[in-house]
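For reference, the structure is listed below as structure tokens.
Just so it is clear: chains get the letters A, B, ... in the order the sequence lines come, proteins before strands, and each one is counted from 1.
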2 protein chains.
Amino acid sequence: MNIYEVAKKAGVSIATVSRVINNSPNVRPETREKVEAALKELNYRPNAIARSLAANTTKTIGVLASDVRDSYYANAVYILEQEFRMMGYDMILCNTGGELEKRKKYMGLLLEKKVDGMVFVGSVFKEKKDNTHIMDVSEVVPVVMLNSSLQGNNIYSVVCDDQLAAFKVVESLASRGHREIAYVYDVDSFSGLAKLNGYYSGMQAAGLPIRQEWIIRTESGINGGYMALIRLMEMQASCTAIFTSEDILAAGILKGLLAKGKKVPDDVAVFGYNDSVLARCTTPELSTVDNKVGVLAREAARMLCKVLDGEDTPHHKIIEPELVFRESCP
Amino acid sequence: MNIYEVAKKAGVSIATVSRVINNSPNVRPETREKVEAALKELNYRPNAIARSLAANTTKTIGVLASDVRDSYYANAVYILEQEFRMMGYDMILCNTGGELEKRKKYMGLLLEKKVDGMVFVGSVFKEKKDNTHIMDVSEVVPVVMLNSSLQGNNIYSVVCDDQLAAFKVVESLASRGHREIAYVYDVDSFSGLAKLNGYYSGMQAAGLPIRQEWIIRTESGINGGYMALIRLMEMQASCTAIFTSEDILAAGILKGLLAKGKKVPDDVAVFGYNDSVLARCTTPELSTVDNKVGVLAREAARMLCKVLDGEDTPHHKIIEPELVFRESCP
DNA sequence: AATAATTGTGTAAACGCTTACAAACTATTT
DNA sequence: AAATAGTTTGTAAGCGTTTACACAATTATT
């Protein structure tokens, strides 16, 4: 079932059929009807592959994310799909696991599949050389980075101001009288560095002491949080508030505090990050930072579509996060 | 940069270049080297679109899931991607939101993009006529269904025996002395019917009374669970155990029980379903059913790959779930 | 009525591959 | 040395579209 059969049935040339399919304006109404009838009768569906080859555009976007099982990425991917689909694009999904090699490999595969653009969700590597492949890819297709950024001609980015968020968290903690605030982040933490910086500047701005042993790097997952808390307790840390880079860490910390007989928020206040479902499932419910991943994703998708449509758009957008206060720090 | 340029540089015909790329056996070693050198020097990447058009296979699988933001689907999608990638396939992701119209539309688009096969994650509609499009699609490409099934020549399925799981949950609850067991499920509950059947047969097998008012259909999400519990309390239900079709509902129920001053598991035991991250974040931690979504996804992917390779495979596989006992029903 | 401008349609050449088939070798057998 | 079989290579036809260009038909302008 191809354009030739349709053309034959409608008694026109394939060019005309193509014109009808792509509703080009210059087709006589009667001709159009004939063709449309044939189209319907034969139940014709265009072959997107052939189309892509001829038109040199696939209407497909490659999306690279670390791991959709993480609710942050899942949210991003969901909204990206929704937005792209609205604009007529499909999405090829790649889970990189945050590994450089996979990322390189997948980007290569996506180029082979001739995606029209790529969205890159997540953090960029610290080493500059580890990001050169992104620069390379951007020579071929536009790249938009979600919550990380890179300087480049054909690279666009939309980020949440995590540093500001962390600053604000510390600020509100301080305004509630907390003076000794710990920060717990995990190995793969998303923009962990930005948050850490915000923590530092927040502490400084509030005139609070910064103690290195209150800054804890732990493994990811609920267990990482639990262990971080245990470490804090073992060193007899006197902090009255704990800020984490991920809700799941905060959940582990709540668990640890419960085990140690500490009351939240009375003995210790806890602050999470991401405003994931999880934050409403713990007891007490978590205060957390809504990092607006949905907004980020929407903006990212729209940016890319604009670029692909030849419209112009700023290269960089910053979204403001919002603090959400719940029981763990009312 | 195409095969012609490579051929010119290597001083061979395009056919030979193609043979080298697809490492067909009949190429003289020296020729192969020449070509490989040219390939490397020009940094050639095959155009997958052209390849697909010529070879009539895209090495792409369409995946339809309701909503990746739900951890069940996220897990499925993650494992599917991993498995398919290992076999050299990419994945186009479609979130259907469980809507029939979207499902139809996306399946059509996937056919246009000439995917080699489809995976369908989630529940099938009750009305037979609402699933005919799946039958239609299966005339064109093989379809594998994950945790739902449909009879068809080119349709494969792998399901978790949710009915058995529910039966077992009731059984263990009964063996712990519970006689009055409520079942709470939500509107979009995944295989909610199978679970309900398991609940019924479990209650019967244990010789326990079934009361319709203990079977509660509620909205999805943590709030749905909370409201279900409130309803139960308002009708002065005397049940000592509550089984839910989703962990998130159980989380809401825990919240409700806490608000009502009930102790879990002493006053009321709670059982969830899915063994999501969430189950380890609540206080107390949730007993739940591990529905093996990872295993299901792996099997589904492998099944499809086998079909595509022309190997044969059973049309249907059943995976046994496993009960996980934690604090909410030790 | 003749000419110019506009609109509609068809022909054929791309797009970058794979692959059937034929041709040209090379190795083996007689 | 000729005949045969096997291996390696090249030629050319497809895959199903889009689209530049040419031409035909229609409409507008003089």
Side-chain angles (χ1 to χ4, degrees), chain A residues 1-39 42-60 88 90 108-116 140-141, chain B residues 1-36 38-39 42-60 88 108-116 140-141:
Chain A
M1 170 47 43
N2 57 24
I3 215 175
Y4 284 89
E5 297 185 38
V6 178
K8 183 151 32 138
K9 170 140 261 160
V12 299
S13 76
I14 59 161
T16 300
V17 175
S18 176
R19 290 192 190 98
V20 171
I21 292 168
N22 298 289
N23 49 91
S24 119
N26 295 335
V27 178
R28 230 177 52 220
E30 309 129 61
T31 315
R32 184 181 297 277
E33 274 170 35
K34 270 194 309 186
V35 174
E36 264 159 4
L39 247 25
L42 294 175
N43 205 277
Y44 171 81
R45 308 212 72 131
N47 179 326
I49 298 298
R51 231 190 233 248
S52 296
L53 184 60
N56 197 30
T57 159
T58 52
K59 287 290 182 180
T60 305
D90 280 323
L109 291 174
L110 289 172
L111 286 185
E112 291 187 7
K113 289 247 165 134
K114 300 289 164 191
V115 293
D116 291 340
V140 188
V141 294
Chain B
M1 170 48 41
N2 57 26
I3 215 175
Y4 285 88
E5 297 185 39
V6 177
K8 182 148 40 133
K9 170 139 262 161
V12 298
S13 76
I14 60 161
T16 300
V17 175
S18 176
R19 288 191 192 100
V20 170
I21 292 168
N22 298 290
N23 48 91
S24 117
N26 292 335
V27 178
R28 228 177 54 218
E30 308 130 62
T31 314
R32 183 179 298 275
E33 275 170 34
K34 268 194 308 186
V35 174
E36 265 159 3
L39 248 27
L42 295 177
N43 205 281
Y44 171 81
R45 309 213 71 131
N47 178 327
I49 298 297
R51 230 188 232 248
S52 295
L53 185 59
N56 197 29
T57 159
T58 53
K59 287 290 181 179
T60 304
L109 290 175
L110 290 172
L111 286 185
E112 289 188 7
K113 288 248 166 135
K114 300 289 164 189
V115 294
D116 291 340
V140 187
V141 294

Q.
As a test of reading the structure: which of dC15(D), dT11(C), dG16(D) is closest to the side chain of Ala54(B), going by heavy atoms?
A. dC15(D)
Q: Could you tell me whether Ile21(A) contacts a base, only the sugar-phosphate backbone, or nothing, with contacts defined as non-hydrogen atoms closer than 4.0 Å?
A: nothing
(Q) Please tell me if Thr31(B) has a side-chain N or O lying less than 4.0 Å from either OP1 or OP2 of dT8(D). (A) no
Q: For Lys59(A) and dT18(D), give me the distance from atom NZ to atom C1', rounded to whole Å.
A: 15 Å
Q. So do the side chains of Met1(B) and Val6(B) get within less than 4.5 Å of each other, counting heavy atoms only?
A. yes
Q) Would one find a side-chain N or O of Asn56(B) under 4.0 angstrom from OP1 or OP2 of dC15(D)? A) no
Q.
Does a side-chain N or O of Tyr44(A) approach OP1 or OP2 of dT17(D) to a distance below 4.0 Å, or not?
A. yes
Q. Would you say a side-chain N or O of Thr16(B) is under 4.0 Å from OP1 or OP2 of dG10(D)?
A. yes
Q) So do the side chains of Asn47(B) and Asn2(B) get within less than 4.5 Å of each other, counting heavy atoms only? A) no
(Q) If you go through the side-chain atoms of Arg45(A), does one of them form a donor-acceptor pair with the base of dG16(D) closer than 3.5 Å? (A) no
Q) Tell me: CG of Asn26(B) to C1' of dC25(C), nearest whole Å? A) 13 Å
Q: Would you check if Ile21(B) and Tyr44(B) make a side-chain contact, meaning some heavy-atom pair closer than 4.5 Å?
A: yes
Q) Which sits closer to the 5' end of DNA chain D, Val17(A) or Val12(B), going by the nucleotide each is nearest to? A) Val12(B)
Q: Using a heavy-atom cut-off of under 4.0 Å over every strand shown, decide if Ile49(A) touches base, sugar-phosphate, or nothing.
A: nothing
Q.
With nearest nucleotide decided by heavy atoms, which residue, Ser13(B) or Ala15(A), maps closer to the 5′ end of DNA chain D?
A. Ser13(B)
Q.
Rounded to whole Å, please give me the gap between CD1 in Ile14(A) and P in dA14(C).
A. 15 Å
**Q.** N or O in side chain of Ser18(A) less than 4.0 angstrom from dT18(D) OP1/OP2
**A.** yes
Q: Pick base, sugar-phosphate or nothing for Ser52(B), based on heavy-atom distances below 4.0 Å to the nucleic acid.
A: nothing
Q. Side chain of Arg51(B): nearest nucleotide among dT11(D), dT18(C), dG16(D)?
A. dT18(C)
Q.
In this structure, how many angstroms lie between the P atom of dT18(D) and the OH atom of Tyr4(A), rounded?
A. 11 Å
Q.
In this structure, how many angstroms lie between the P atom of dG16(D) and the NZ atom of Lys113(B), rounded?
A. 18 Å
**Q.** Salt bridge flag under 4.0 Å for residues Lys113(B) and Asp90(A)
**A.** yes
Q. Between Asp116(A) and Thr60(A), is any pair of side-chain heavy atoms under 4.5 Å apart?
A. no
Q. Less than 4.5 Å apart, any side-chain heavy atom of Arg19(B) and any of Asn26(B)?
A. no
(Q) Counting the atoms with a prime plus P, OP1 and OP2 as sugar-phosphate, which does Asn2(B) contact under 4.0 Å by heavy atoms, base, sugar-phosphate, or nothing? (A) sugar-phosphate
Q) With distance as the sole criterion, do the side chain of Arg19(B) and the base of dG10(D) form a donor-acceptor contact below 3.5 Å? A) yes
Q: Specify the separation, in whole Å, of atom CD of Glu30(B) and atom C1' of dC25(C).
A: 13 Å
Q. Between Asn22(B) and dT18(C), is there a side-chain N or O to OP1/OP2 distance below 4.0 Å?
A. yes
Q) Between Thr57(A) and Ser52(A), is any pair of side-chain heavy atoms under 4.5 Å apart? A) no
**Q.** Closest nucleotide among dG10(D), dG16(D), dT18(D) to the Ala55(A) side chain
**A.** dT18(D)
Q) Could you state the CE-P distance from Met1(A) to dG16(D), rounded to the nearest angstrom? A) 11 Å
Q: Taking only the side-chain nitrogens and oxygens of Arg28(B), find out if one of them lies under 4.0 Å from OP1 or OP2 of dT9(D).
A: yes
(Q) Check the phosphate of dG16(C) against Asn47(B), side-chain N and O only, distance under 4.0 Å to OP1 or OP2. Yes or no? (A) no
Q. Atom CD1 of Ile3(A) to atom P of dT19(D): distance rounded to whole Å?
A. 11 Å
